[in-house]
Amino acid sequence: MLNQIKNNPHFPYLCTSKTNPMLELNYIRENAAEVAARLAIKNIDAAASLQKIIDIDARRREAQKQLDDNLAESNAIARQVGDLFKSGKAAEAGELKARTAELKILAKDLAESLDNLTVEQNNLLVLLPNVPHPSVPKGKTPEDNEIVHSEGEMPKLYEGAVPHWDLASKYDIIDFELGNKVTGAGFPFYKGQGARLQRALINFFLDNAVEAGYREIQPPLVVNEASGYGTGQLPDKDGQMYFCEVDKLYLIPTAEVPITNIYRDVIVKAADFPIKNAAYSNCFRREAGSYGKDVRGLNRLHQFDKVEIVQIQHPDNSYQTLEEMREYVAGLLRKLELPFRVLKLCGGDMSFTSSLTYDFEVYSAAQQRWLEVSSVSNFESFQANRMKLRFKDESGKTRLCHTLNGSALALPRIVASLLENNQTADGIRMPAALVKYTGFEMIK
RNA sequence: GGAGAGAUGGCCGAGUGGUCGAAGGCGCACGCCUGGAAAGUGUGUAUAUGCCAAAAGCGUAUCAUGGGUUCGAAUCCCAUUCUCUCCGCCA
């Protein structure tokens with residue numbers, strides 16, 4: 001991991017003395033044992049690293065104090081010299097100048113060692129993932145995730161039922177070959193009723209989000225480096241994003257990045273909580289290292305469509321909000337009549353940035369597989385700390401907000417299960433809630 | 001792509017070397033005034049960090065970013081980034 005960071009072309013940017021790390025330093029300093037224990041749930045042994053961070057911190061603060069004292073003296077002298085000049089005592093001023101010269105040399109050293117210590121400390125901090133919520137189960141693989149909810153009836157398929165990639169060509173609604181020709185694997189064309197179904201789902205999801213109180217946003221699809229860092233994609237997932245070298249811009253892997261970064265360096269009003277934004281966007285993911293049945297058909301694409309919901313909340317209310325968002329996503333799947341289950345991710349399967357994550361999986365009957373269609377997470381103050389997203393609390397104190405987001409929903413796997421689960425000998429039936437959006441009841 | 005102008009606090013906007021963290025205005029908060037409101041009026045209103053158990057207080061840094069000149073920089077010099085205007089190109 002450290003090498004990964006060191007070889008990262010963004011290393012200089014990420015690890016300056018001004019980099020705001022992930023976990024709050026004060027929190028680490030006062031709760032090192034607890035942080036270590038909780039990171040262990042993510043299978044990370046951080047004890048040594050934490051101790052090092054705390055040691056460096058003591059030295060850093062000492063250096064800061066020395067530097068500040070030095071500068072204070074310089075400033076005092078400068079004021080005196082000014083006064084002396086004004087009252088025509090140039091000779092006395094000359095003596096004082098000599099002292100500032102000394103101080104200046106010293107200050108340079110002090111500033112340098114302060115900077116070095118800060119960089120060293122940030123290099124360690126930047127590698128620490130977010131601490132998981134106490135309820136997160138220990139575990140290493142997706143098998144260790146906890147199924148917290150299941151709902152819906154398993155579809156009974158007719159005898160000629162086939163997986164969605166066969167349905168795609170049978171009805172000529174999604175063309176993977178054409179995508180290969182024009183772009184490459186993982187960039188399909190949607191055609192005719194397939195394209196219409198995409199548009200229908202996007203509108204359906206956005207209308208539902210707006211009805212639930214989210215503000216609709218159309219974000220840029222490319223972002224700068226600072227934004228990638230703010231939401232935690234950088235440096236952790238650098239290799240997973242498409243990068244435009246000439247302009248130093250990243251194609252977004254999710255609308256979460258531009259939407260949450262709206263609030264980078266912002267101090268919001270407590271009265272505005274909860275802040276709710278939703279956006280439809282294309283998402284671009286390189287998916288380096290994926291292969292096999294996971295990438296067949298719509299199961300994993302390089303470009304796909306997704307509606308994302310993002311909330312900014314008061315720290316006291318963020319877990320209640322997480323449950324609300326979870327219920328909201330469940331409601332969408334209910335309306336689409338898809339059988340689904342909800343998993344609470346185990347420590348080993350959680351993302352770098354998350355404190356608690358629920359994954360939603362729908363059952364895709366012809367493949368006989370569960371497909372992840374949504375991930376709803378509370379990041380607590382992790383992203384907020386990185387992007388300096390804060391609010392003023394009741395006593396006027398500036399504190400970090402909590403950020404949350406969730407897919408609501410990602411399209412391709414929804415389409416896969418809709419096609420597979422609803423196929424009949426006469427065509428593919430659309431769920432009732434979607435008909436006013438598609439304009440048709442059957443794909444034929 | 002060519003030429004020019006610019007970047008100051010939540011916003012507008014003054015400030016070309018000496019208590020400038022920064023005038024003035026707007027906004028905001030609280031108070032007075034009012035039956036209530038408006039108007040008027042008074043006070044307050046950045047962030048980070050260090051010392052301190054903490055508050056108070058004090059120190060330090062921050063006028064796009066990074067360097068430099070100087071005893072002293074928002075102010076002078078250099079580099080970078082970004083924004084705007086005009087021209088060209090173009091949906």
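Please read these numbers as outputs of a predicted model, since none were measured by experiment. Here is the naming used below: chain letters follow the sequence lines, and residue numbers restart at 1 for every chain.
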With a non-hydrogen cut-off below 4.0 angstrom, is A:L71 in contact with a base, only sugar-phosphate, or nothing? sugar-phosphate
Using atom P of each nucleotide, how far apart are B:G88 and B:C78 to the nearest Å? 32 Å
Answer for the Watson-Crick or wobble partner of B:A5, both distances under 3.5 Å, is B:U83
Complement of B:A91, any strand, by Watson-Crick or G-U distances under 3.5 angstrom: none
Distance in angstrom units between A:K97 NZ and B:C71 C1', rounded: 6 Å
Separation between the C1' atoms of B:C20 and B:A73, rounded to whole Å: 11 Å
Using the C1' atom as the point on both nucleotides, what is the distance between B:U75 and B:A7, in whole Å? 14 Å
Between A:E120 and A:K52, is there a side-chain N and carboxylate O pair less than 4.0 Å apart? no
When rounded to the nearest Å, what value does the distance between P atoms of B:C30 and B:C87 take? 50 Å
Within-4.5 Å side-chain heavy-atom neighbours: A:K248 and A:F243: yes
Here the distance between atom P of B:G59 and atom CD of A:E62, to the nearest Å, is 20 Å
Can you tell me if A:R61 touches the phosphate of B:C51, counting only side-chain N or O atoms and a distance under 4.0 Å to OP1 or OP2? yes
Could you give the distance separating B:A53 and B:A39 at their C1' atoms, to the nearest angstrom? 50 Å
Send over the distance from A:K397 NZ to B:A46 P, rounded to a whole Å. 18 Å
If you measure from the P atom in B:A61 to the same atom in B:G4, how many Å do you get, rounded? 37 Å
OP1 or OP2 of B:G72 versus the side-chain N and O atoms of A:K104: is any pair under 4.0 Å? yes
B:U80 versus B:C26 - spacing of their P atoms, nearest Å: 41 Å
Are A:P253 and A:Q240 packed together at the side-chain level, in the sense that at least one heavy-atom pair is separated by less than 4.5 angstrom? no
Residue met sooner reading RNA chain B from 5', once A:A72 and A:T100 are mapped to nucleotides: A:A72
For A:N75 and B:A61, is the shortest distance between a side-chain N/O and OP1 or OP2 below 4.0 Å? yes
In whole Å, measure the gap between the C1' atoms of B:A64 and B:U47 for me. 16 Å
5' precedence on RNA chain B between A:G82 and A:R390 (nearest-nucleotide basis): A:G82
Which nucleotide in B:G50, B:U47, B:G68 has an atom nearest any side-chain atom of A:I267: B:U47
Taking atom P of B:C28 as reference, at what distance in whole Å does atom CZ of A:F391 sit? 22 Å
Are A:D55 and A:R59 within salt-bridge range, i.e. N to O under 4.0 Å? no
Whole angstrom value for the distance that separates C1' of B:U47 from CZ of A:R399: 18 Å
Taking any strand in view, what nucleotide pairs with B:G10 in a Watson-Crick or G-U wobble way, both distances under 3.5 Å? B:C26
From B:G68, B:U47, B:G18, pick the nucleotide closest to the side chain of A:A78? B:G18
Would you kindly give the CZ-to-P distance between A:R59 and B:G50, to the nearest whole Å? 17 Å
Side chains of A:I53 and A:L128: closer than 4.5 Å at any heavy-atom pair? yes
When both distances are under 3.5 Å in a Watson-Crick or G-U wobble arrangement, the nucleotide paired with B:A37 is none
My understanding is that a pair needs two contacts under 3.5 Å, Watson-Crick or G-U wobble. By that rule, which nucleotide pairs with B:G59? B:U49
B:C71: pairing nucleotide in any strand, Watson-Crick or G-U under 3.5 angstrom: B:G18
Is the distance from OP1 or OP2 of B:U47 to the nearest side-chain N or O of A:T398 less than 4.0 Å? yes
Is A:R99 salt-bridged to A:E102, going by a charged N under 4.0 Å from an acidic O? yes
Roughly how many Å is it from CZ in A:R60 to C1' in B:U60, rounded to a whole number? 13 Å
Salt bridge check: are A:D83 and A:R79 linked by an N-O gap of less than 4.0 Å? no
Roughly how many Å is it from CD in A:Q64 to P in B:U60, rounded to a whole number? 12 Å
